[in-house]
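What you see is a predicted model; the values in this text were computed from it and never measured. The first residue in the sequence is number 1, and the count goes up from there. Heavy-atom basis, side chains included; hydrogens, waters and symmetry copies ignored.
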Amino acid sequence: LDSPSALLIKNLRALVGWTQAEAATAVYVSTRAWQLWEAGTRRMPPALWELSCIKAGIHPEYRQAKHH
């Protein structure tokens, strides 16, 4: 699993309807870290990308996890 592009990170957040602060809270990082990922200044670690997808309910292996 590779780090996602800045556009992919933004698109995930928009799809779920999260603010940057809400997205950051979902994966246990600062809002600033999320902002840097969206700006493409810093690369999001693949594990946090996977966690973001799980929390957003779009990970193909964990779609049910959002509802628990």
Reported CG-to-OG1 distance for the pair L36 and T31, which is rounded to 0.5 angstrom: 11.0 Å
Beyond-backbone contact of V27 with W49, side-chain heavy atoms, under 4.5 angstrom: no
Step by step, work out the side-chain contact (heavy atoms from CB on, under 4.5 Å) result for W34 and S52. CA-CA 11 Å; W34 191 278; S52 298; 3.8 Å; yes
To the nearest 0.5 Å, what is the distance between CD (E61) and CD (E50)? 7.0 Å
Can you tell me how far apart CG (L12) and CD1 (I58) are? Round to the nearest 0.5 Å. 4.5 Å
Check the pair Y28 / L48 against side-chain contact (heavy atoms from CB on, under 4.5 Å), numbers first and verdict last. CA-CA 9 Å; Y28 310 102; L48 290 181; over 6 Å; no
Looking at OG of S3 and CZ of R43, how far apart are the two atoms once the value is rounded to the nearest 0.5 Å? 4.5 Å
What are the two closest non-hydrogen atoms of E38 and A6, and how far apart are they? O-CB, 3.2 Å
Kindly give the heavy-atom pair with the smallest separation between Q35 and Q20, and that separation in Å. CG-OE1, 3.1 Å
I want to check something: taking the side chain as every heavy atom from C-beta on, are W37 and P45 in contact at a cut-off of under 4.5 Å? yes
Does T25 form a side-chain contact (heavy atoms from CB on, under 4.5 Å) with W18? I'd like the steps, not just the answer. CA-CA 10 Å; T25 298; W18 285 334; over 6 Å; no
Do you know which two heavy atoms are closest between L8 and P4, and how far apart they sit? CD2-CB, 3.9 Å
